[in-house]
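Read the structure below first, then the notes.
Treat the numbers as computed from the prediction; the structure is a model and nothing was measured. In what follows, chains carry the letters A, B, and so on, assigned in the order in which the sequence lines appear, proteins first and then strands, with residues in each chain numbered from 1.
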There are 2 protein chains.
Amino acid sequence: MPTIQEVAKKAGVSVATVSRVLNDNGPVSSNTRKKVQGVIDELNYQPNLLGRNLRRSETRMILVLLQNISNPFYSKIVKGMEDTAHENGYNVLICNTNTDIDLESIYLDFLKNKLVDGVIFTCTAMVTEEFNKLAKYYPVVLCNEYNKDIKAPIVTIDNEIAGYEATSHLIKLGHKKIGMISVNNVGSSYDRMKGYMRAIEEAGLEVNEDYIVYHTFSYKGGMRGIKQLFELDEPPTAVFCISDLIAVGAIKELKSKGLRVPNDVAIVGFDNNSIAPMYDPSITTIAQPRYDIGKKTMEIMLQRIKGNENNNHIVKLEHDLIIRESTLPSVD
Amino acid sequence: MPTIQEVAKKAGVSVATVSRVLNDNGPVSSNTRKKVQGVIDELNYQPNLLGRNLRRSETRMILVLLQNISNPFYSKIVKGMEDTAHENGYNVLICNTNTDIDLESIYLDFLKNKLVDGVIFTCTAMVTEEFNKLAKYYPVVLCNEYNKDIKAPIVTIDNEIAGYEATSHLIKLGHKKIGMISVNNVGSSYDRMKGYMRAIEEAGLEVNEDYIVYHTFSYKGGMRGIKQLFELDEPPTAVFCISDLIAVGAIKELKSKGLRVPNDVAIVGFDNNSIAPMYDPSITTIAQPRYDIGKKTMEIMLQRIKGNENNNHIVKLEHDLIIRESTLPSVD
DNA sequence: CTGTTAGCGCGTTCAC
DNA sequence: GTGAACGCGCTAACAG
């Protein structure tokens, strides 16, 4: 791999001139430009980005922290981020944190140590206080997850309204005993639950605490949730699940109990994951504008890097209720 | 963010000494070490990795190229890679290529321009010739995908035997008309098909070319595959699908035709994706040792970086046939 | 045990 | 329009 020095020597010019040709800034006569470009092509020269980045003290790289790439929910979000980044001459790197605080802090060192220009969190194991300190000094944006004490730009949907709409849909179908399978300690879930409660109260029904159960964000969480709900004397006739993955576990468990979805129990999921339309029955769910969430998040990040973005700032994008087989009783 | 200079000045020593404390190499008296460490902690100093990497001309970063993070198949593979990398003081970056040749070449510039020490491909849009040239000069390893002309280390399973076993399983269950939904131009699919054919021939049956259809690596591909197979006068009674996602599409389409799986048509998938046990019916499939594939791939990469690894070298790991509901007729 | 110095590869002022 | 020289922040070779 040749260096800029060798190009310069071979072209019979100084490194400064090569640099000018490379970056197309500063004046170069068309003759020498042609000559230099010729050598660049001939040697197949590519500038060493380590040197360039050190000199410019920017990398034009944005790191996206994912709990785990296996969650297909994030693929379109990342696509939105990537497209926006590329349009602006930035690149996106993805790292798995596996909810491991040590791993997370290694990746944050990339930010502190100038290997990337900014970090987008889709989750974090850090305590809020520490997170806020980080956000104070470095470009950091939160995507889709949050809690109310966080001081950093946040892009999300209005989870309270989404929870309200999901529950209202079940109420309109005539359900009066509506369960909810949620997870603990997540800001978005908390808001969805508040929407769930508001819908029930506004419909003149009563919130039954036993109907709200907390499990993990997974297929198994859904199975356990149903098990718990169906140990009650009066099990619900409809269940709002905090994610499609939970909904899938719930449906699978109901089927194994010999119950039919939606005829015996209606199920609503959340996220409109790729499984939702594929499952049998296909799953009624809340679709988040994932691409736009990613796009908006990256836009804010790039603004933040430029310095024209304050740090306390929440953007809520529109969601959609998508009605599918899991809540619409067939005629049989 | 302080520099090493400022730390040195504040501690009253030279930058060399700070560097020695930082990297814990070279002799430093315990007194000055303590003093320097004190200043480092006080200033919360972290070394600028751009400077360090430029100096060392290594980054201890490995780039993993994924077609798309949405494919959950790769999550465990990546986990295997990450664990192995971390054990050796390396970090893993993930990038989506979206099968976009231009994007891919941008990421390859990271390699050529010293931003990462090696690249692992799980897919590539490059032509083989160009790929081989790249592999000749830079540390490159191929994971799970290949064609026979490629000259780079490859880690995979024995797809021919896997295809053979999947098909033999169906034959043992009494099926004689066995279809296959495959995809074009992928080395692994080609080998699976060869195994499929060998199983059929060894059982004394005849390969029917109409039973092999080619579609995309997706849910929709599975639906279209079934549609095509069931336009035949004598549709198959069992179908071997090249991936679980295709199998899911196939099952969904069969159900919408009023056919039962497995009682009317048996289905085998491939990969043991997370959907496979969750789907209804759960899907018989070939499980690849994903974690070990990732681990082995990274081990070879690290050897390759050290220079003790030749470039023409294929590792095949063990797979497993997992039998589930989609091939086992229930008694009804 | 410690400091001085050179240079990794590049971009950029400032002369000319 | 072009080149010489400096420095981004760090590590390593050498001298003391």
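- Looking at heavy-atom distances under 4.0 Å, B/Asn23 makes contact with sugar-phosphate atoms alone, never a base.
- A donor and an acceptor atom, one from each side chain of A/Glu145 and A/Ser188, are located under 3.5 Å apart.
- Residue order along DNA chain D, read from the 5' end via each residue's closest nucleotide, puts A/Val15 first among B/Val15 and A/Val15.
- Look at B/Thr17 and you'll find a side-chain N or O under 4.0 angstrom from OP1 or OP2 of C/dG3.
- Summarising the geometry, the separation between NZ on A/Lys9 and C1' on D/dT2 is reported as 19 Å, rounded to the nearest angstrom.
- As rounded to whole Å, 13 Å separates atom C1' of C/dC10 from atom CG of B/Leu115.
- Side-chain nitrogen and oxygen atoms of B/Thr3 include none within less than 4.0 Å of the OP1 or OP2 phosphate oxygen of D/dC8.
- Across all strands, A/Pro27 comes closer than 4.0 Å to base atoms (heavy-atom distances).
- Within the 4.0 angstrom heavy-atom criterion, no nucleotide atom of any strand lies near A/Leu50.
- In this structure, the CD atom of A/Gln46 is 11 Å from the P atom of C/dC10, given to the nearest Å.
- Taking only side-chain nitrogens and oxygens, B/Asn53 never comes nearer than 4.0 Å to OP1 or OP2 of C/dG9.
- Residue A/Tyr45 has no polar side-chain atom (N or O) positioned under 4.0 Å from OP1 or OP2 of C/dG9.
- If you check distances only, the side chain of A/Arg20 does reach the base of D/dG3 with a donor-acceptor pair under 3.5 Å.
- Within 6.0 Å of NZ on A/Lys9 lie no more than 12 heavy atoms contributed by other residues, nucleotides or ligands.
- In terms of heavy atoms, A/Lys114 sits closest to A/Thr59 at O-CG2, 3.2 Å.
- Here the nucleotide nearest the side chain of A/Arg52, chosen from D/dG1, C/dC10, D/dC10, is C/dC10.
- Computed from coordinates, the B/Leu22 CG to D/dG9 C1' distance equals 11 Å when rounded to whole Å.
- Residue contacts shown for B/Ser57 are absent, as no nucleic acid heavy atom lies under 4.0 Å away.
- Here D/dG9 presents its P atom at 17 Å from CZ of B/Arg56, a figure rounded to the nearest Å.
- Of the listed nucleotides (C/dT12, D/dG9, C/dC1), C/dT12 has the atom at the smallest distance from the side chain of A/Ser19.
- Taking atom CG of residue A/Asn113 and atom C1' of nucleotide D/dG9, one finds them 12 Å apart after rounding to whole Å.
- Annotation: A/Tyr190, atom OH; neighbour count of heavy atoms from other residues, nucleotides and ligands within 6.0 Å does not exceed 12.
- Ranking D/dC8, C/dA6, D/dG3 by closeness to the A/Arg55 side chain, first place goes to D/dC8.
- B/Leu49 has its CG atom 11 Å from the C1' atom of D/dG9, to the nearest Å.
- In the model, A/Ser29 has no side-chain atom that pairs as donor or acceptor with a side-chain atom of A/Asn31 under 3.5 Å.
- Taking atom CD of residue B/Gln5 and atom P of nucleotide C/dT4, one finds them 12 Å apart after rounding to whole Å.
- Side chains of B/Glu299 and B/Lys295 form a contact here, defined as non-hydrogen atoms less than 4.5 Å apart.
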